Amino acid sequence: MADLEVPKELREEAKGHDMYLHPIDKNTYELFFGPQHMATENFSVILKMDGNRIEKAIVNPGFLHRGFEKLAEGRPYFTNIALLLRICVPESDVPENIYSMAVDEIVGWEVPDRAQWIRTTVLEMARMSAWMFWILGFGNEIGLYTAGQWAAAYRERFMRLFEELTGGRVYHIYTVPGGVRRDIPGDKWLRQLRDTVEYLKGKLKDFDEILFDNYITIERTEGVGVMDKKFALRHAVTGPNLRAVGVPYDVRKDDPYYFYPELDFEVPVLKEGDSLARVLVRRYEMEQDLYILEQLLDMGPPSGPYMVQDPRLKALPRFKPPKGDAYAHVESTKGDFGAYVVSDGTHKPYRVHVRGPSQSHGVTVLEELLKGARLADVPVILKTLDNCPPDIDR
Amino acid sequence: MNFDVRLVLEVIGMLLYATFMGFIFMGIERKAMARIQRRVGPPIYQPIIDTLKLLGKKESISHGFIYDFGPIFALGASITALLFLPLANFQLFSSNADLIVVAYLLEVPMLGIMLGAMSSGNPYSALGVQRGLLTMVAMQLPYGLAIIAIVQHFGTFKLGEIVALQQVHGWSILVPALLLAMIVFDIVFQAMIGLEPFDIITAPAEISMGPMLEYGGKQAAILFTQHAVQLFAETAFFAILFLGGASNLLELLIKQIAVLFIAIFVASIYPRFTIDQAAKFFWKWPTIIGIIAVLLTV
Amino acid sequence: MDMNEKPKVEEKVENTEETKPELPETKEGRLVKEILGEAPYAEGNVRRERRVEFKVPPERIREFLETAQKKFEMLIQITVVDWLKEGEFEVIYQLWSVSESVHAAVRTRIPREDPRLPTVMDIWPVAETYEREGHEFFGVMYEGNPRLGPFILEPREYEKHPFRKDFNMLGYVKGIYGEDFDRYDESKTNYVI
Amino acid sequence: MSEKKNDDFISYELQEFKLFEPLFRWARKKSLWIVAFCTGCGGIEMPPLATARYDFERFGIMPNPAPRMGDLFLITGYVTPKTLKRIIITYELMQDPKYIMIHGSCPINGGVYWDSYNVVKQFDKYLPVDVAIAGCMPRAEAVMDGIMEIMRKIEDGTADSWKRYRENYEYYRKNQDELFGEGWREKEARRWLAWI
């Protein structure tokens with residue numbers, strides 16, 4: 001607060017390097033953690049170590065930067081869907097949805113019920129498959145490969161359903177402004193989805209036994225990377241990480257969209273704020289997500305069109321929304337995922353700004369939590385924060 | 001000192017057999033883990049192919065003499081340990097206290113790897129070495145207690161005699177005190193062959209293979225061979241101490257595989273400890289059980 | 001049936017708000033009124049349910065955000081929009097109130113030639129990342145943030161501040177990676193994306 | 001006794017033992033270790049490949065975090081210049097013979113990011129490539145097919161990217177230096193060379 005001036009020499013020094021560190025004295029050493037490292041995947045943390053303890057951590061992202069927001073300014077509205085979904089790879093429906101929601105709001109479209117139902121279902125399926133992927137990651141980091149392998153195999157069931165619904169395994173390009181790209185294939189697909197939900201409900205017990213109730217998992221995560229409530233709010237921590245410090249903030253409840261107001265689900269909250277709490281919140285959310293999917297299936301897809309009826313949609317590449325801007329956000333497994341879209345009345349967006357939850361989790365929060373941690377805690381903290389490097393880089 | 005042709009042939013034959021079976025054990029380990037993970041898994045002879053491939057690398061980076069010497073030192077120690085073991089009716093070398101010799105020769109290979117890894121200059125390797133040495137220190141106490149329990153019960157340091165006594169009085173694990181010692185030894189065994197929850201030394205997600213990080217090509221092939229021999233020797237040591245030894249190689253093999261499977265099952269349901277937790281763990285339960293075992297044998 | 005009605009209610013609220021200049025008697029309206037009472041220099045209005053916005057002159061943005069922080073606990077994002085024709089950067093501080101469930105966009109405009117703003121790192125430490133990003137891509141100087149510099153980009157791209165509207169991306173790409181990746185349509189007149 | 005024997009063993013050159021070459025080729029084909037460096041989005045198709053549905057360990061393929069032991073470098077998706085520096089260093093850490101497979105359209109010609117200022121357009125200008133798989137994202141089956149292709153190429157000896165890298169080192173080096181500026185290895189890579 002005292003000096004508002006940027007130290008000039010620091011800025012000059014920063015220009016030559018991708019990162020800078022103070023010179024290392026006798027007792028400490030620098031450890032480059034990533035990007036060629038199993039735990040980080042295209043993300044790098046420079047650790048200044050004192051023995052086995054971390055004195056200082058400096059995050060060095062940018063290995064995945066493609067300039068999405070700039071590219072989106074050069075492509076028509078509907079083409080952007082195929083681009084922006086690549087921001088969040090394990091949960092690619094989330095960027096599709098936030099962008100579509102924002103454009104819907106700018107245009108003033110009211111998305112038909114059927115499309116809303118499908119979008120909700122797709123989002124929940126994406127959440128569930130992302131949870132499975134998270135178990136894989138977390139299991140691998142703490143050395144429990146069995147749970148991860150099982151989870152990745154269960155994820156394939158969702159991949160198959162996605163493939164049947166959208167035609168793509170990983171990138172679906174399915175949710176578009178005004179609705180969804182195509183209708184549900186039929187009742188058989190719904191039956192398959194129900195089977196998968198039932199199947200996973202049983203399998204969650206297996207995960208409880210092998211992963212969540214495991215003595216060593218609890219040893220490894222308890223008391224590691226503790227946050228308190230004030231810290232979390234000041235650092236814009238969202239999603240399960242925020243719920244693990246006792247703040248019941250969930251976009252699905254607090255800023256409801258689609259079918260969520262109709263659904264009955266709980267927001268699990270724990271108070272401890274350590275890695276174990278973050279793991280357990282995720283565990284309870286898996287249960288809630290399966291419950292939500294079940295309710296959606298009980299409700300059944302409402303009849304009606306799956307796309308907004310608008311004559312402007314006939315010439316998609318030249319589709320022009322009115323001037324305006326909108327912010328839309330959804331709850332992803334990683335946290336609050338938002339997009340801010342500005343339209344200047346032409347057929348390309350003037351500015352698209354995506355807010356990935358890892359922008360806060362992966363930089364300032366990580367740097368703070370790593371201070372004083374052991375080296376073996378780095379992967380645990382990384383994974384329990386559920387850091388997703390493409391969110392930071394975009 | 002006259003040259004004994006038969007001994008030399010037996011040594012060579014036993015080495016070939018041990019190396020081959022060690023590789024197959026490694027294959028069984030990978031295959032069984034894959035089956036637990038609901039996969040098909042690699043063929044059972046996959047480690048042999050891997051070692052061949054590493055031998056066939058056209059380039060071998062060296063970080064100096066010690067770096068090359070480390071793996072060879074480790075392999076030598078493993079082979080020596082193997083030769084002291086009474087495998088079925090072959091005991092190639094023998095001494096009055098071969099139990100102690102084998103028990104500590106089985107730990108020397110880790111020192112060899114540490115020696116080589118340390119000279120590679122990679123900080124991750126150095127961290128792995130640090131962790132490895134700490135694990136060794138930590139597991140020394142329960143390991144020693146388990147062996148003391150055995151020695152006190154049988155009243156001899158000779159492996160051959162221990163086997164013979166077990167043949168007469170039944171397996172050691174039938175004795176309650178030695179059953180406890182066996183539990184302690186099994187926990188230590190998990191750390192000795194580097195499986196979860198004690199694969200702290202390699203820990204791919206933390207220090208990405210640790211000491212092995214800089215090894216590649218022929219040195220890595222030697223390390224693989226060493227691991228195979230070590231695995232064979234350790235499982236055999238376990239079978240000899242607690243499962244009554246064996247009168248022929250087939251019986252030994254069955255017992256070794258049984259030991260191996262226990263290790264695999266434990267490894268596939270437990271995550272990895274951190275190094276300080278591992279040390280604390282070793283000095284807590286295994287040590288307490290070990291002391292009880294020793295007291296019971298007095 | 002119920003789900004059909006809900007969005008329509010929202011729409012009506014939105015329409016009425018746009019026509020009326022005064023603040024509606026909702027929780028959003030009360031929130032805006034409260035904040036404007038403490039910060040009379042700002043303009044505020046309610047866009048729709050759970051969305052409010054403020055316009056603040058750049059020299060008092062810090063003061064305003066300090067006031068707003070009492071109600072809006074989280075700084076979700078700092079968006080910079082480059083309005084090339086006006087010669088201005090619009091900096092939007094997007095705040096979220098956890099207690100009230102309201103999103104606020106605090107807008108301010110600064111000149112494009114010398115974009116300077118005070119940092120809000122001490123109010124929300126997470127602003128450090130957002131500011132580094134805004135500095136890197138647009139060249140906005142956040143005075144007081146010690147870590148401005150190449151963050152995501154490498155120094156070469158960092159110098160150019162690539163998200164500015166006057167950054168000729170295609171020309172830059174051709175200069176670096178060569179010309180042979182152009183994507184024309186069959187008549188070689190238009191780019192095909 | 002055994003030490004000396006093994007020491008001799010290290011020093012001889014295997015290239016001279018042409019007799020063993022078919023055996024080694026077979027071993028190389030059957031035991032491809034992937035360097036666990038997944039660039040870009042394609043990394044998401046690696047877990048399905050390694051797990052129950054596709055399980056590439058059936059063919060002896062497994063991810064290995066140590067680049068020195070790796071054989072196959074999978075470039076799974078677009079490559080940014082910042083990553084490319086690390087890729088080049090990691091590739092040079094790997095020991096011959098080593099193979100590169102590029103995965104997805106982006107390393108081939110930029111893919112969807114053809115006009116992005118931060119995505120490398122033609123990967124094969126900077127490092128040699130053995131097999132390229134098109135698609136965005138290529139399905140797991142396509143990746144398996146690519147791996148089969150590389151196995152076939154190893155067996156008949158046409159997977160020679162490591163040889164090409166040695167022979168045309170000046171060309172690749174020139175392109176790398178053009179992209180990153182002269183002296184990037186000394187200036188930047190030296191800091192993380194040992195730790196990468």
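Letters A, B, ... mirror the listed sequences (proteins, then strands); counts begin at 1. Just so you know, these numbers use all the heavy atoms, side chains as well, and skip hydrogens, waters and symmetry mates. Note that the structure is a prediction, hence the values are computed from the model and not measured.
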Let me confirm one number: the SG-CG distance from D/Cys41 to A/Leu85, rounded to the nearest 0.5 Å. 9.0 Å
Aromatic rings A/Phe68 and D/Tyr113: how do their planes relate, parallel, tilted or perpendicular, breaks at 30° and 60°? perpendicular
Heavy-atom check, side chain of A/His65 versus side chain of D/Tyr117, under 4.5 Å: yes
Is D/Lys30 atom NZ crowded by more than 12 heavy atoms from other residues, nucleotides or ligands, each under 6.0 Å away? no
Carefully, step by step, assess A/Ser44 and D/Arg86 under the rule side chain to side chain contact (heavy atoms under 4.5 Å, CB included). CA-CA 11 Å; A/Ser44 169; D/Arg86 273 78 173 175; 5.7 Å; no
Do you know which of A/Gly62, A/Ala153, A/Ala151 has the most heavy-atom pairs under 4.5 Å to chain D? A/Gly62
Main chain of A/Arg66, side chain of D/Ser116: is a donor-acceptor contact present, judged purely on distance under 3.5 Å? yes
Among pairs that include at least one residue of residues 60-80 of chain D, which meet salt bridge (Lys or Arg N to Asp or Glu O under 4.0 Å), considering only residues two or more places apart or in two chains? B/Lys53-D/Asp71, B/Lys57-D/Asp71, B/Glu214-D/Arg68
With a 4.5 Å heavy-atom cut-off (strictly below), which parts of residues 44-60 of chain D touch chain A? List them by number. D/Ile44, D/Glu45, D/Pro47, D/Pro48, D/Ala50, D/Thr51, D/Ala52, D/Arg53, D/Tyr54
Using a heavy-atom distance cut-off of less than 4.5 Å, which residues of residues 155-172 of chain A contact chain D? A/Arg155, A/Glu156, A/Arg160, A/Glu163, A/Arg169, A/Val170, A/Tyr171
Donor-acceptor check, side chain of D/Thr80 to backbone of A/Leu64, threshold 3.5 angstrom: yes or no? no
Applying a strict 4.5 Å limit to non-hydrogen atoms, the region of A/Pro90 in contact with chain D is both
Where at least one partner belongs to residues 133-146 of chain A, residue pairs that pass side-chain hydrogen bond (donor to acceptor under 3.5 Å, both in side chains), sequence neighbours excluded: A/Tyr145-B/Arg272
Heavy-atom pairs under 4.5 Å with chain D - which of A/Asp393, A/Asn42, A/Leu83, A/Leu136 has more of them than the others? A/Asn42
